[in-house]
Amino acid sequence: MDLIWNPPLHEAYKILLSKTQNSNEENGFDELLAVEECEVPVIDVSRLEESDEVRREECKCEIFKACQEWGLFQVVKHGISNGILRGLRVEQEKIFKQPFEKKSKENTFFNFSSGSYRWGSPNATCIRQLSWSEAFHIPLTDILMPSAGSNTFSWRIQEFGSQVSILAQTLADILAHKMGHKCSFFEENCLASTCYIRLNRYPPCPFPSQVHGLMPHTDTAFLTILHQDQVRGLQMVKDGKWISVKPNPDALFIIIGDLFQAWSNGVYKSVEHRVVTNPKLERFSMAYFFCPSDDTLIESCTEPSLYNKFSFGEYRQQVRDDVHNFGYKIGLPNFLTRTGTTFDAPLQHSNV
Ligand SMILES: C=C1C[C@]23C[C@@]1(O)CC[C@H]2[C@@]12CC[C@H](O)[C@@](C)(C(=O)O1)[C@H]2[C@@H]3C(=O)O
Ligand SMILES: O=C(O)CCC(=O)C(=O)O
Ligand SMILES: [Fe+2]
């Protein structure tokens, strides 16, 4: 029996799950859990504040290298206090543990815009496209508006948002400089009002080897700053193989997204990742997506370009259309130029 706060995932996935169990078609899915664990690069970003230029440069080089070779790494001594992270985590749990009926009712929950509360994969066509999770995907404008009210949750999320946005700007500027660009692009285009915070909850799942917590995807933004609790679940593709990312609640995980891969002309890797479920434990994570405004034009900073230019709005619309039509996001491969199509580097993996 589902608890009243859980979304009706069993009910929604009944048909797809029974098809699979009867046909035995997806038994090879055990590979979801039998994945080697690995510690992704750990970068101490407090060095960026030091007066010693050599130490600052050493840190920047590590960031540059991690974005090219991994696309996912962790930063420690990031300056965001445990109090802020723990405080938001407590509020996060409280809002998820409201009745499902209340969470899914439009426009009543903290005045979030419609569509902020999401659960499962409404457009899934096969078991691999299922996600055993629920999320609040919140435009920061919803939180910054006076109508957001002054409750502990809004207050905590504002605190988190304002601190991580400084880290996001700093990292983005370093990555731009490393590509030879001393520009104010990020400062001008990625504003507090254009970014998003996503709160994720993964309820325990009775079929952990069959169903994803969050299906394989790349993030859309320039970069994501992720905080996850101590429960394992995040996995990423490294050298063509899935590996499990060791959790570290003291760290923030940085994930390079599609916009940085396009902007850097394939130098920075928008890494494919997924979340697997746990049969007993629930898991929480929170992500800050560093995004520009919808009219911002994304073009490669070097030639010949692997990708056609696009506005962020166009890109997001394409993602929405693909998810609606196919059940999964295609992402950057939709925007490859002729040069990009013949480019022999590992580009995006398909979700299915
Ligand atoms: C069904 C999907 C929605 C999503 C793209 C995906 O194929 C799988 C993950 C989802 C996600 C998670 C991170 C970001 O919030 C997001 C915008 C993204 O790039 O991948 C969403 C996509 C979405 O909500 O449209
Ligand atoms: O929960 C996690 O660890 C990852 C979440 C994620 O990939 C996302 O929200 O885009
Ligand atoms: Fe993600």
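Just so it is clear, the structure is predicted and the values come from calculations on it, not from any experiment. All ligand and atom numbering here is 1-based and tracks the order in the structure.
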- [ ] Take the Fe ion (ligand 3) and tell me which protein N, O or S atoms are nearer than 2.8 Å.
- [x] His217 NE2, Asp219 OD1, His273 NE2
Task: Ligand-residue contact atoms, ligand 1 with Asp219, heavy atoms, under 4.0 Å - done: 13 (C), 19 (O)
Open item on the list: With a 6.0 Å cut-off on the ring centroids, do Tyr315 and Phe310 count as close?
Closed with: yes
Open item on the list: Under 6.0 Å between ring centres: does that hold for Phe186 and Phe260?
Closed with: yes
Task: Charged N-O contact under 4.0 Å between Glu62 and Lys65 - done: no
TODO: Compute the centroid of each ring, for Tyr196 and then for Tyr288, and state whether the two points are separated by less than 6.0 Å.
DONE: no
TODO: Between Arg118, His212, His217, flag the one that comes closest to atom 12 (C) of ligand 1 by a heavy atom.
DONE: His217
TODO: Verify whether the ring centers belonging to Tyr268 and Trp263 lie closer than 6.0 Å.
DONE: no
Open item on the list: Out of the candidates Phe100, Trp132, Phe136, Phe96, only one should pair with Trp119 under the ring pair (Phe, Tyr, Trp, His ring centres under 6.0 Å) rule; please name it.
Closed with: Phe100
Open item on the list: Please report whether ligand 1 has a polar contact with Lys329, defined as an N or O pair separated by less than 3.5 Å (distance criterion only).
Closed with: yes
TODO: Flag the pair Glu134 and Arg118 as a salt bridge only when some basic side-chain nitrogen lies within less than 4.0 angstrom of an acidic carboxylate oxygen.
DONE: no
What side-chain donor-acceptor pairs closer than 3.5 Å can you find for residues 237-254, not counting sequence neighbours?
from   : atom 1 : to     : atom 2 : distance (Å)
Lys238 : NZ     : Glu69  : O      : 3.1
Asn248 : OD1    : Asp250 : N      : 3.0
Asn248 : ND2    : Gln74  : OE1    : 3.2

TODO: May I ask you to identify, for Phe289, whether its side chain, its backbone, both or neither come under 4.0 Å of ligand 1 on a heavy-atom basis?
DONE: side chain
- [ ] For ligand 1, note which part of Thr220 has a heavy atom under 4.0 Å away: side chain, backbone, both or neither.
- [x] both
- [ ] Could you tell me whether Gln129 approaches ligand 1 through its side chain, its backbone, both or neither, with non-hydrogen atoms closer than 4.0 Å?
- [x] neither
TODO: Would you mind checking if Glu11 and Lys14 are paired as a salt bridge, meaning a charged N to carboxylate O distance below 4.0 Å?
DONE: yes
Open item on the list: Strictly under 4.0 angstrom, heavy-atom based: which residues surround ligand 2?
Closed with: Arg198, Asn200, Tyr202, Leu214, His217, Asp219, Leu226, Leu234, His273, Val275, Arg283, Ser285, Phe289
Task: Validation row, ring centre Phe289 to ring centre His137 under 6.0 Å - done: yes
Task: Test of proximity, Arg198 against ligand 1: N or O pairs below 3.5 Å - done: yes
- [ ] Check Pro206 against His10 and note the closest heavy-atom contact, atom names and distance.
- [x] CG-NE2, 3.5 Å
Open item on the list: Please work out, at 4.0 Å between heavy atoms, whether the side chain, the backbone, both, or neither of Arg320 comes within that distance of ligand 1.
Closed with: neither
- [ ] Please name all residues satisfying salt bridge (Lys or Arg N to Asp or Glu O under 4.0 Å) with Glu37, sequence neighbours left out, ordered by chain then number.
- [x] Arg232
TODO: Please say which of Gln210, His212, Arg128 ends up in a side chain to side chain contact (heavy atoms under 4.5 Å, CB included) with Leu32.
DONE: His212
Task: Min N/O separation Thr218 to ligand 1 under 3.5 Å - done: yes
TODO: Please assess Leu140 against Ile143 for the test side-chain contact (heavy atoms from CB on, under 4.5 Å), listing each intermediate value before the final yes or no.
DONE: CA-CA 5 Å; Leu140 268 178; Ile143 296 153; 3.8 Å; yes
